[in-house]
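Shown next, in structure tokens, is the structure this report addresses.
We use all heavy atoms of the structure for the numbers below, so side chains are in, but hydrogens, waters and symmetry mates are not. Remember, predicted model here, so these are calculated numbers, not experimental data.
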Amino acid sequence: MADPTARQDAPDSPDAPDSPDDDASHAASLAFRELLRGLRVWDTELPSFDPAQAPAEPLPLFRQWLREAAEAGVPEPHTMTLATADAAGDPSVRTLMLHDADERGWHFGTHRGSRKGRELAARPRAALGFYWAAVGRQIRIRGTVTAAGPEESAADLRRRSPGALAAALVGHQSEVLGSLEELAHASDAAWERARREPDAPVPSWTLYVLLAEEVEFFQGDAQRRHVRLNYRYEGGRWEKELLWP
């Protein structure tokens with residue numbers, strides 16, 4: 001039985017071109033695969049990681065690794081991927097900035113009406129991912145997300161840059177945009193207001209905090225002997241375990 005979810009416009013066999021257009025598509029596919037196979041991975045010396053020396057809780061190690069990524073010259077080491085799901089369970093992922101990490105959890109912000117805001121309202125659970133190629137490290141975090149109140153959310157926005165405020169004032173995040181000209185006009189007006197009113201309110205802006213239940217630290221190794229240290233919060237305390245790579 002045919003898979004009803006399969007793409008109907010996909011060719012039956014990518015290795016059997018039947019027309020000039022198929023020939024070109026086949027050649028492009030081969031070239032792309034060769035490109036992928038030729039890309040280098042971790043062709044530099046990577047730091048070592050002894051999990052036996054890891055702290056009892058993940059937060060201090062997270063802060064240390066982010067600092068070391070910054071010191072190694074990783075651009076924007078505070079960028080992360082955020083994965084959420086809607087009410088039907090369909091996932092989505094995007095890249096955004098970490099605002100803080102403390103005993104309460106990992107902090108980030110967005111508009112309540114954005115796609116991620118709507119999904120978090122429907123399913124208040126999420127996963128975060130950090131990847132720092134220069135040091136061969138990644139961190140995965142999973143847990144429950146709560147929304148901060150209006151005062152704390154407003155304070156979070158005030159701590160950010162004028163550009164962040166201008167972007168927040170534009171609003172309409174994840175809504176359909178009619179044209180780039182419409183965006184330019186809205187952005188110009190938002191920048192002007194942000195300069196004029198550095199404390200301009202943005203009622204929809206919301207600070208979210210992910211309370212971690214699981215945090216995994218991955219240290220890559222050129223010989224593929226990757227070290228994976230996983231923290232799990234159980235019974236009111238953090239448990240540590242090594243995972244096979």
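In this structure a side-chain-to-backbone donor-acceptor pair under 3.5 Å is present from S29 to S25. A donor-acceptor pair under 3.5 Å links the side-chain atoms of T206 to the main chain of S204, judged by distance alone. For the pair Q219 (side chain) and V135 (backbone), a donor-acceptor distance under 3.5 Å is present. The backbone N or O of F218 lies less than 3.5 Å from no partner atom in the side chain of R228, so there is not a single donor-acceptor pair. Between the side chain of R112 and the main chain of P203, a donor-acceptor pair closer than 3.5 Å is present. No donor-acceptor pair under 3.5 Å is formed between the side chain of R232 and the backbone N or O of E214. At least one donor-acceptor pair under 3.5 Å links the side chain of R224 to the backbone N or O of A222.
The shortest heavy-atom contact between S153 and L207 is OG-N, 3.0 Å. Taking each heavy atom of A54 and L229 in turn, the nearest pair found is CB-CD2, 3.5 Å. Contact record, A166 with A190: O-CB, 3.3 Å, taken as the closest heavy-atom pair. Across all non-hydrogen atoms, the minimal contact from W238 to E57 is CD1-CG, 3.5 Å. Here the closest non-hydrogen pair linking V74 and A134 is CG2-CB, 3.7 Å. Residues G220 and L46 come closest through the heavy atom pair O-CD1, 3.4 Å.
Here CZ of R94 is found 10.5 Å from CE of M80. Values are rounded to the nearest 0.5 Å. Separation of atoms CD (E34) and CG (L39) is listed at 11.0 Å; rounding is to 0.5 Å. Between the CH2 atom of W132 and the CD atom of E76 there is a distance of 13.5 Å, given to the nearest 0.5 Å. Put simply, CD on E71 and CD on Q64 are 9.5 Å apart, with the number rounded to the nearest 0.5 Å. One distance of note links NE2 of H226 with CG of L243; it measures 13.0 Å at 0.5 Å rounding. Put simply, CD on Q53 and OG on S48 are 10.5 Å apart, with the number rounded to the nearest 0.5 Å.
Proximity of H99 to R160: side-chain heavy atoms (C-beta onward) are separated by under 4.5 Å at one or more points. When side chains are defined from C-beta on, T79 counts as touching M97, because their heavy atoms get closer than 4.5 Å. Using a 4.5 Å cut-off on side-chain heavy atoms (C-beta onward), T81 and Y131 make no contact.
Cluster annotation: V227 and W65 are assigned to the same hydrophobic cluster (Ile/Leu/Val/Met/Phe/Trp/Tyr, side-chain heavy-atom contacts under 4.5 Å, transitive). Hydrophobic clustering (side-chain heavy atoms under 4.5 Å, transitive across Ile, Leu, Val, Met, Phe, Trp, Tyr) keeps Y231 apart from V209. In this structure, L61 is not a member of the same hydrophobic cluster as L211, with clusters built from ILVMFWY side-chain heavy atoms closer than 4.5 Å. Hydrophobic clustering (side-chain heavy atoms under 4.5 Å, transitive across Ile, Leu, Val, Met, Phe, Trp, Tyr) keeps W205 apart from L98. No path of Ile, Leu, Val, Met, Phe, Trp and Tyr side chains, each step under 4.5 Å between heavy atoms, connects L165 with F108, placing them in separate hydrophobic clusters.
For R196, the CZ atom counts as densely surrounded, since its 6.0 Å shell holds more than 12 non-hydrogen atoms of other residues, nucleotides or ligands. Within a 6.0 Å sphere centred on CD of E234, heavy atoms belonging to other residues, nucleotides or ligands number more than 12.
A donor atom on one side chain and an acceptor atom on the other are not found under 3.5 Å apart for D156 and H107. Residues T110 and R115 have side chains that never bring a donor and an acceptor to within less than 3.5 angstrom of each other.
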### Task
Could you check T146 against R104 for side-chain contact (heavy atoms from CB on, under 4.5 Å), going step by step and ending with a plain yes or no?
CA-CA 10 Å; T146 57; R104 293 171 55 198; 5.8 Å; no
### Query
Between T144 and E213, does a side-chain contact (heavy atoms from CB on, under 4.5 Å) hold up when you go through it step by step?
CA-CA 8 Å; T144 301; E213 299 167 2; 3.2 Å; yes
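Taking 4.0 Å as the cut-off between side-chain N and carboxylate O, E119 and K116 do not count as a salt-bridged pair. In summary, R140 and E216 engage in a salt bridge, as defined by a charged side-chain N under 4.0 Å from a carboxylate O.
For an aromatic pair to be called close, the ring centres must be under 6.0 Å apart, and W106 with F62 satisfies this.
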